[in-house]
Each structure stands twice: as C-alpha cells, then as structure tokens.
Amino acid sequence: MNTIETFLQYVLNGLVIGSGYTLLALGLSLIFAVMKTVNFAHGELYMLGAYVTYTMIESFHIPFLVALPMSMIILAAFGGLLERFVFRPLANDKDRHKEMTNQFIVSLGLVIFFQYAASLIWGPDPQKMTTPFSGIVLRVGEVTITFERLLIVIMAVVLILGLYFLIQKTTLGMAMRAVALDRDTANLMGVKVSKVSTLSFSIGTALAAAAGGLMGPVFMVAPGMGAALIMKAFVVIILGGLGSVFGTIAGGLLLGITESLVGAYWLNQYTDPIGFLLIIVLLMVKPTGLFGKVERHA
C-alpha cells in the first residue's frame, strides 16, 4: 500500500466505527431531546440488541438480515415497557432536579442488572456472531473492507434517513419536535406527551439494538460491550451539539475517523482519551458543539 491508500484504509475503518457510534448516539440523543432523560443504561440496550440478534442466528438459525430487524422490534417493545414502568413513575414535574437524580440512580442500577442478567443467560465469555457475509471482502485497489463492516455503514445511512423522515415528515415526528421544544405547551395543544415519550424511547432503543446487531459480528458479543461504548455516545452527542441530529452524525463520524487515525499513526492506547480531548478543544472554541444552538431564556 502506498501512503494515500494506507490513509484511505484508516479513514474507511474510522467511518465504519463512527457509523456504529452514530446509531448508538442518535437513540440516546432522541430520548434526551424528547424526555430530557439521560439513560446511562442505553449501552446495555445496545448489548441486549446484540445478544438477541446472536440468539436468533445461533439458536434459531434465523438469517442475519431477518434477525436484525426482529431484534430491533423486540428491543423497541422492551424499551417502551422500560419507559412506561421504570422511567415514567420517576417523573416529577414539581421538582425537576429530583426527577433527574432519581433517573440517574435508576439507570445506573439498570446497567448493573442488565450486565449481570446477560452473564447469567449467555455466560460471561465473549461470543462470536457468525453471518453469511463473514468471508466476503471487497477491494478497491489496495483498500479493502469486509461486507460485514460495509453493512454497518449502509444500514446506518438507511436508518438515519428513516429517522430524519420520521421526525420531519410525519405527524409523530411533529409531535416529538413539539414535546422536545416545550413539553407543557405541547400538552396544552392536545399532544399526548406520555405516548410520544414511550414511542421516542422505543425508537431510541431500536436504534441501539441495530447498532449492537451490526457491530456484534465485527467486535464480538459480551456483557460489558455496552459499558465500553456508552461514554463514546455521550462524547458524540456533546461534540455534535445537544439535540442536533446532524451534529450527532458529524460527531460520530469525526470521533470514529479520529480514533482510527490516532491508533494507526500514533499509539493505540490513546484512542479512548482522544474523544475527551476533542470535547475540551471544541467546547473552548464553540461551547454549543458543532451544530448546537444557544438557548435564550427570558
């Protein structure tokens, strides 16, 4: 490989990782924008999505391209139940600080519970998720990519476009934007805020499941896989700007490509701290993130 091809290979690798970061962060960002809930257990929903996909493939011999959307549907339903029976009872309109504190504590408890449950059900050791695409390698010159990795990028694009259409072109999307903008006013205008919150949590969970199912064949499936990525999702959201879909996409790709280049040209152990360094530098220059907006309060 010459220097340019080597660089392109690393950028392509970063694009793959960044696409996974983006899907995970988009679900987390959607939940925060609509519900103002910071769900630290979102990484565990990503992990459960990977395990459900793995189980369908390995135990029930369901094709990967069927198992993935089925996993998204199952986790979406599970996410709706979580919102309804775990997070909604914690809502406290009179004391927002108390509500956020309770949600923070409960979500951390869910992290421990889900990891322990996954260890009991599937075992503590990492599992390899096999797909029909494992041996397929695409090559352009000296730049290569496996079809499994390419599928992450393709599905990320499809799901991002689907989410954009949902938010911008549908009645549900209009309701979600209204609730995100002003929950009380949306309620007064006849928007069913509780229903919108449940659906938003379900959609965010489905995106996490998609990320887990797509990343599982590339990076193994393990009980701790979500904990390793949830901080990356928060980095992506802050980089892009809270509540910005375009910012989340840009932040995810920027972080993935940067980590790939740093690991290739410098030292691999610096790939994790680089995200936090990016946040520090960016917030010094643009405190709202790449596409965030300044909120003005009367």
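Everything numeric here is computed off the predicted structure, so don't read it as measured data.
- Criterion: ILVMFWY side-chain heavy atoms under 4.5 Å apart, direct or through other members. Under it, L75 and F113 are part of a common hydrophobic cluster.
- At least one donor-acceptor pair closer than 3.5 Å links the side chain of S107 to the backbone N or O of F104.
- Results of the ring pair (Phe, Tyr, Trp, His ring centres under 6.0 Å) test with F234 over Y21, F40, F32 single out F40 as the only residue that passes.
- A heavy-atom distance below 4.5 Å is not found between the side chains of V262 and E259.
- No single ILVMFWY cluster, assembled from side-chain heavy atoms under 4.5 Å apart, contains both Y164 and L172.
- For T131 (side chain) and F133 (main-chain N/O), a donor-acceptor pair under 3.5 Å exists by modelled atom type.
- The local environment of OH in Y10 is sparse, with at most 12 non-hydrogen atoms from other residues, nucleotides or ligands closer than 6.0 Å.
- When the options R183, R88, K192, E83 are evaluated for a side chain to side chain donor-acceptor pair (under 3.5 Å) with S197, the one that passes is R183.
- With ring centers used as reference points, F60 lies 6.0 Å or more from Y54.
- With hydrogens and angles disregarded, a donor-acceptor distance shorter than 3.5 Å links the side chain of S202 to the backbone of T198.
- Proximity of Q168 to M174: side-chain heavy atoms (C-beta onward) are nowhere separated by under 4.5 Å.
- Taking hydrophobic clusters as Ile, Leu, Val, Met, Phe, Trp and Tyr residues chained together by side-chain heavy-atom distances below 4.5 Å, I73 does not share a cluster with I62.
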Criterion side chain to side chain contact (heavy atoms under 4.5 Å, CB included) on F78 and F201, from CA distance to verdict: CA-CA 10 Å; F78 182 66; F201 204 101; over 6 Å; no
